[in-house]
Amino acid sequence: MKAQQDQLVIYNSLKGEKEPFVPMVEGKVGMYVCGPTLYSEPHMGNMRTFINFDLIYRYLLHLGFRVKYVRNVTDAGHITNSAGQEVDSIGVAAKAEQLQSLEIVYKYAVKFQELQRIYNMLPPSIEPTATQHIQEQIEIIEQIIANGYAYEVNGSVYFDTRRYMQDYNYGILSGRKVDELENETRTLNAQDEKRFFADFALWKKANPDDMQVWRSPWGNGNPGWHIECTAMSTKYLGKQFDIHGGGMDLKFPHHEDEIAQSCGSFGCNPARYWMHANMLNVNGQKMSKSFGNYFLPKQILDGTTGLFEKSYTANVVRFFMMQAHYRSNLDFTQEALNASEKGYARLIEGLKTLENLPATTSTFDVAALIASFYKAMNDDFNAPILVANLFEAVKQINLVNDGNAGISAADKSELKAAMEVFVHEVLGLAPENIATETRLAPVMDLVLDLRQQARTNKDWTTSDQIRDGLAKAGIIVKDGKEGTAWS
RNA sequence: GGUCUCAUGGCCGAGCGGUUAGGCACCGGUCUGCAAAACCGUCUACAGCAGUUCGAAUCUGCUUGAGACCUCCA
């Protein structure tokens with residue numbers, strides 16, 4: 001695996017190009033990913049980012065890296081809404097549901113955990129929350145002030161962007177230049193307090209109706225939106241670590257400000273590789289709460305999105321996502337989902353067929369095929385290419401199955417092992433639940449036996465009655481050369 | 001308005017100067033009581049216009065269209 005580790009290339013948003021991945025400590029990876037804000041149930045778009053980083057995490061683990069994967073949970077914070085007003089989203093949700101902030105957070109945290117299980121995401125090494133790290137945030141703010149890159153005004157603390165720009169490059173990640181940023185003349189509460197429009201809050205003085213308030217050297221208040229990630233990534237991964245990830249939409253201002261905070265307090269960019277996952281689209285537009293074009297991850301499983309005629313399993317949804325690169329937009333359409341459903345079935349069938357293949361002599365290069373799996377993933381986690389290569393394997397498997405190709409016993413077991421690893425462990429497609437099948441099998445044997453009797457007697461009415469009845473129950477009967485199968 | 005990204009066959013999507021990516025649909029075939037499913041085969045596209053090159057989906061310029069960010073967002 002060491003050899004494969006050395007082949008890994010990652011697209012670094014910081015430089016805008018792919019580069020060989022060289023971890024700070026050989027064989028180890030520190031990775032931080034911005035998690036959800038728990039004021040509502042994460043929608044499918046949110047999930048795509050987490051599923052993509054789950055893929056990345058899984059492949060790093062497969063390569064043998066010891067990965068420390070930290071993904072935070074935002075359960076506090078003073079933030080601004082689309083109208084430019086300061087709103088504590090969690091507080092708003094809490095008031096709307098007549099609950100305390102912590103109840104809201106916990107409620108959605110439980111849902112998020114459930115979704116992670118359903119979509120077969122590996123739990124991160126640590127899932128720290130903002131409210132558990134108020135002290136750490138305060139300490140970093142103090143350090144930034146001490147270094148001269150922040151100032152206090154009336155119980156709030158702001159990052160001094162102009163001062164910072166004398167020593168560092170603000171905009172290094174997003175490519176933004178401050179003098180090109182439009183100086184919006186919005187009437188923000190904080191506008192008067194800021195020395196410069198591009199300054200951002202590190203600490204906000206409490207409002208009278210705030211549901212959550214913390215004590216600080218500057219009085220009661222709330223931490224700014226960006227500082228929690230700096231505090232938690234530093235605490236668990238150090239002042240500098242290997243990979244920082246998140247959604248594309250966090251690039252600016254969130255990640256830009258994280259860099260500023262780290263440079264402003266410790267003098268270094270927190271991460272060596274910045275990775276950004278692209279958005280999930282519905283009808284060509286980003287899925288988001290504000291557009292209202294979102295649906296929940298569970299709705300697609302029970303067919304209640306209102307967008308699609310039928311439901312899809314979590315594996316199909318995940319497979320669908322794996323067929324697009326993490327840096328590309330992905331359009332969620334029924335036709336595409338149906339295509340994935342069938343493609344997924346073909347892949348899994350191929351895997352089953354492989355097990356029962358007769359061993360002869362190999363007529364195709366199994367080693368090269370397996371190498372192609374690695375080559376795809378080593379090229380910036382190119383899952384779509386991996387999937388294409390897996391289908392190439394399926395094609396060969398079917399050819400062997402039809403007697404038009406051959407595979408040796410040794411190659412067969414190697415291919416089987418490799419495919420199972422890439423399908424289940426790397427792509428994270430959960431093995432189908434065989435427990436249900438095991439329990440149902442005797443019943444199905446009986447039913448299909450009765451149907452076979454009817455067919456032998458050319459009693460097509462009874463035969464089709466059984467077939468259609470099972471179809472209604474979601475069980476598809478397949479008549480083949482060697483008997484009848486079901487699924 | 002500023003910054004940036006993208007435009008690929010019926011659909012979804014890889015592609016990073018020279019190989020039919022792949023999946024689904026369609027069509028043809030094998031199988032089948034009929035179906036379905038499965039399997040095999042077929043389908044050779046790169047928004048438009050110029051340019052660079054022996055050669056461009058791939059590089060450059062312009063045009064048109066779409067999207068993201070600039071404000072909470074994964």
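What you see below is based on every heavy atom in this structure, not just the backbone, and it leaves out hydrogens, waters and symmetry mates. In what follows, chains are A, B, ... by sequence order, proteins preceding strands, each numbered from 1.
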How is [X] classified with respect to the nucleic acid when contacts are heavy atoms under 4.0 Å: base, sugar-phosphate, or nothing?
X	result
A:K458	nothing
A:Y11	nothing
A:G45	base
A:H43	base

Query - C1' spacing across the pair B:rC31 / B:rA66, given as an integer number of angstrom - result: 46 Å

[X] [atom1] to [N] [atom2]: how many Å, rounded?
X	N	atom1	atom2	answer
A:L386	B:rG15	CG	P	13 Å
A:K289	B:rA74	NZ	C1'	13 Å
A:M322	B:rA14	CE	P	12 Å
A:D249	B:rC69	CG	C1'	9 Å
A:N389	B:rU19	CG	C1'	14 Å
A:K478	B:rA36	NZ	C1'	10 Å
A:R327	B:rG13	CZ	P	16 Å
A:Y326	B:rA14	OH	P	12 Å

Could you list the protein-to-nucleotides 39-41 of chain B atom pairs, N/O on both sides, closer than 3.5 Å?
residue : atom : partner : partner atom : Å
B:rC39  : O2'  : A:D402  : OD2          : 2.2
B:rC40  : OP2  : A:R346  : NH1          : 3.4

**Report entry** Structure string for RNA chain B in dot-bracket form, Watson-Crick and G-U at under 3.5 Å, | interchain
**Finding:** ((((((((.[[[..)..(...]]]..((((.......)))).....[[[[[..)....]]]]])))))))....

Looking at [X] and [N], is any side-chain donor or acceptor paired with a base atom of the opposite kind under 3.5 Å?
X	N	answer
A:R467	B:rA36	no
A:N338	B:rA25	no
A:N283	B:rG67	no

Query raised in the report: Got a sec, which residues hit salt bridge (Lys or Arg N to Asp or Glu O under 4.0 Å) with A:K289, two or more places apart in sequence or on another chain?
Result: none

**Report entry** salt bridge (Lys or Arg N to Asp or Glu O under 4.0 Å) partners of residues 383-402 of chain A, not counting sequence neighbours, each pair once
**Finding:** none

**Report entry** salt bridge (Lys or Arg N to Asp or Glu O under 4.0 Å) contacts touching residues 308-331 of chain A (sequence neighbours left out)
**Finding:** A:D54-A:R318, A:K310-A:E341, A:R327-A:D380

Query raised in the report: Between A:Y374 and A:F422, what is the ring plane arrangement, given parallel below 30°, perpendicular above 60°, and tilted in between?
Result: perpendicular

Could you run down the sub-3.5 Å N/O contacts of the protein with nucleotides 7-12 of chain B?
none

**Report entry** Name of the residue among A:L173, A:L14, A:N169 meeting side-chain contact (heavy atoms from CB on, under 4.5 Å) with A:N269
**Finding:** A:L14

Report task. Show the numbers, then the answer: is there a ring-ring contact (aromatic ring centres under 6.0 Å, His included) between A:F50 and A:F112? Result -> CA-CA 11 Å; A:F50 303 132; A:F112 185 52; 5.4 Å; yes

Nucleotides 26-29 of chain B: which of its N/O atoms have a protein N/O under 3.5 Å away?
none

Would you say the side-chain atoms of [X] and [Y] include a donor-acceptor pair closer than 3.5 Å?
X	Y	answer
A:H325	A:Y11	no
A:Q212	A:T131	no
A:K107	A:Y39	no
A:Y59	A:N378	yes

Close side-chain approach of [X] and [Y], heavy atoms under 4.5 Å:
X	Y	result
A:V421	A:F373	no
A:L369	A:F364	yes
A:F197	A:T161	no

Query - Close residues, residues 372-384 of chain A, relative to RNA chain B [heavy-atom separation under 4.0 Å] - result: A:N382, A:P384

Query raised in the report: Does any residue of residues 108-130 of chain A have a heavy atom under 4.0 Å from RNA chain B, and if so, which ones, in number order?
Result: none

Query raised in the report: Would you call A:E114-A:K298 a salt bridge at under 4.0 Å N-O?
Result: yes

Identify, with sequence neighbours excluded, every residue that meets side-chain hydrogen bond (donor to acceptor under 3.5 Å, both in side chains) alongside [X].
X	result
A:Y168	none
A:Q137	none
A:Q452	A:R455

Report task. Compute the ring centroids of A:Y236 and A:F241, then answer whether they are less than 6.0 Å apart. Result -> no

